[in-house]
Amino acid sequence: MKRKIITIHKEKCNGCGICASACHEGAIGIVDGKAELLSDHYCDGLGDCLPSCPTGAITFEEREADAYDEEAVKNRLREMGIEEPDKGPESQLKQWPVQIKLLPVTAPYYKNCNLLIAADCTAFTYGNFHNHFMKNHVTVIGCPKLDNEDYSGKLAEIIEKNEIKTVTILRMEVPCCRGMEMAARKAMEMSGKNLPWRVVVVSTEGKLLLDSH
């Protein structure tokens with residue numbers, strides 16, 4: 001098959017090995033003091049090695065080459081003693097963007113959703129944020145202190161113009177974070193809707209202090 005793949009110009013290569021370290025697939029090795037593409041099917045064609053080369057010895061070309069083979073790469077990495085990185089728990093984020101300032105007022109993902117209005121610090125403080133709060137929710141975040149604005153108007157529009165089922169307000173225990181709760185409460189009043197809602201407060205040590213409805 002014809003595809004984009006790297007080519008290494010050996011006359012320019014100084015054998016430093018930086019490209020081999022930069023290649024996440026183990027496609028490049030140092031042979032007789034020069035970098036060499038060990039097999040076409042190890043190279044995914046993304047070119048992580050290009051910017052790492054100090055002599056400009058690596059470029060892209062489009063030519064007949066074996067297809068990229070993910071299983072072959074996994075075997076190659078095992079031979080090198082490199083295990084696949086732990087991917088960690090699956091993200092529960094359902095939409096983009098998440099910042100209140102950037103959110104559209106109407107969007108398909110709001111339809112029949114559970115809305116999580118979260119102070120942005122809560123995501124870094126509460127360890128199970130994704131599975132405990134974000135799961136099955138549309139997540140919107142902000143910091144009223146740093147953003148220096150009142151979110152209530154935009155949140156009210158989102159609640160008013162969409163079929164929101166429930167609202168969860170998640171904030172930190174610090175006094176300035178009450179602004180998030182106040183904005184969300186005001187938004188619900190302004191929307192004219194009577195939705196099920198609750199407020200959850202997180203301590204600076206990452207513990208849940210309050211869960212009120």
Side-chain angles (χ1 to χ4, degrees), residues 21-22 24 46-52 84-213:
S21 299
H24 298 151
L46 295 179
D48 288 345
C49 54
L50 268 70
S52 69
E84 288 187 83
D86 181 8
K87 296 179 180 178
E90 183 181 356
S91 171
Q92 297 299 324
L93 184 63
K94 302 301 181 188
Q95 92 293 336
W96 188 263
V98 294
Q99 288 282 349
I100 295 173
K101 292 197 298 183
L102 302 178
L103 284 163
V105 172
T106 58
Y109 49 73
Y110 292 127
K111 185 177 177 61
N112 295 321
C113 81
N114 299 299
L115 185 66
L116 173 64
I117 303 171
D120 49 18
C121 288
T122 57
F124 297 95
T125 309
Y126 186 67
N128 201 24
F129 180 79
H130 275 249
N131 285 321
H132 195 143
F133 291 108
M134 287 178 63
K135 190 173 184 177
N136 300 320
H137 285 72
V138 166
T139 302
V140 304
I141 67 169
C143 176
K145 182 175 182 180
L146 293 181
D147 291 344
N148 193 30
E149 66 179 78
D150 182 1
Y151 297 132
S152 57
K154 186 165 190 179
L155 290 173
E157 280 192 86
I158 291 172
I159 295 169
E160 179 186 355
K161 294 181 178 181
N162 298 279
E163 298 174 36
I164 309 278
K165 293 194 298 184
T166 67
V167 175
T168 297
I169 304 160
L170 184 65
R171 68 171 180 87
M172 297 297 298
E173 65 174 326
V174 294
C176 60
C177 213
R178 285 188 62 84
M180 179 63 78
E181 179 182 345
M182 293 170 63
R185 286 175 179 265
K186 183 178 177 182
M188 286 188 286
E189 292 176 5
M190 292 169 64
S191 73
K193 290 185 176 180
N194 185 21
L195 300 176
W197 62 276
R198 64 175 177 150
V199 178
V200 183
V201 179
V202 181
S203 77
T204 53
E205 289 78 33
K207 300 184 185 304
L208 300 183
L209 300 179
L210 173 68
D211 190 336
S212 63
H213 295 260

Apply side chain to side chain contact (heavy atoms under 4.5 Å, CB included) to residues N162 and E157 and explain how you reach the verdict.
CA-CA 8 Å; N162 298 279; E157 280 192 86; over 6 Å; no
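- Between R185 and E189 there is no salt bridge, since no side-chain nitrogen of the basic residue lies less than 4.0 Å from a carboxylate oxygen of the acidic one.
- Looking at heavy atoms from C-beta onward, V200 lies in side-chain contact with L208 at the 4.5 angstrom threshold.
- Contact annotation: the side chain of T204 approaches that of V174 to within less than 4.5 Å [non-hydrogen atoms, C-beta and beyond].
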The test is side chain to side chain contact (heavy atoms under 4.5 Å, CB included); show your working for W197 and T166 and say whether it passes.
CA-CA 6 Å; W197 62 276; T166 67; over 6 Å; no
After noting the C-alpha distance and the side-chain angles of L195 and K165, does the key distance pass the side chain to side chain contact (heavy atoms under 4.5 Å, CB included) rule?
CA-CA 7 Å; L195 300 176; K165 293 194 298 184; over 6 Å; no
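- Within the model, atoms CD1 of I158 and OG of S191 stand 11.5 Å from one another, a figure rounded to the nearest 0.5 Å.
- Shortest non-hydrogen contact noted between H24 and D48 is ND1-OD2, 3.2 Å.
- Residue pairs meeting the side-chain hydrogen bond (donor to acceptor under 3.5 Å, both in side chains) criterion with at least one partner in residues 96-111, sequence neighbours excluded, are K111-E163.
- Within a 6.0 Å radius of CG in N194, no more than 12 heavy atoms belonging to other residues, nucleotides or ligands are found.
- Applying the side-chain hydrogen bond (donor to acceptor under 3.5 Å, both in side chains) test to every pair with at least one member in residues 132-144, sequence neighbours left out, gives these pairs: Y126-H132.
- By the 4.5 Å heavy-atom criterion applied to side chains, Q92 and N131 are counted as neighbours.
- Taken to the nearest 0.5 Å, the CD1 atom of I100 stands 6.5 Å off from the CD1 atom of I117.
- We find the CE-CG distance between M188 and L115 to be 9.5 Å, quoted to the nearest 0.5 Å.
- Distance check: M172 CE to C177 SG gives 7.0 Å after rounding to the nearest 0.5 Å.
- Side-chain contact check for E149 versus P144: every heavy-atom pair is 4.5 Å or farther apart.
- Atom-to-atom distance recorded for K145:NZ and C121:SG is 10.0 Å, nearest 0.5 angstrom.
- Between G142 and D147 the shortest heavy-atom distance is CA-OD2, 4.2 Å.
- Counting heavy atoms from C-beta on, the side chains of M190 and S152 come closer than 4.5 Å.
- The neighbour count for M182 CE, taken as heavy atoms of other residues, nucleotides or ligands under 6.0 Å away, does not exceed 12.
- In K94, the NZ atom is crowded: over 12 heavy atoms of neighbouring residues, nucleotides or ligands sit closer than 6.0 Å.
- In plain terms, the two heavy atoms of A118 and M180 that are nearest each other are O-CE, 3.7 Å.
- Summarising the geometry of I159 relative to I164, their closest heavy-atom pair is CA-CG1, 4.0 Å, with the distance given to 0.1 Å.
- In terms of heavy atoms, S203 sits closest to T125 at O-CG2, 3.2 Å.
- Taking all atoms of both residues into account, the shortest heavy-atom contact from P97 to L103 is O-CD2, 3.2 Å.
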With side chain to side chain contact (heavy atoms under 4.5 Å, CB included) as the test, would you mind laying out the steps for F129 and L170 before giving the verdict?
CA-CA 10 Å; F129 180 79; L170 184 65; 3.4 Å; yes
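- Side-chain atoms of L116 and V140, non-hydrogen and from C-beta on, never get closer than 4.5 Å to each other.
- The line from OH of Y151 to CD1 of I141 is 8.5 Å long, rounded to the nearest 0.5 Å.
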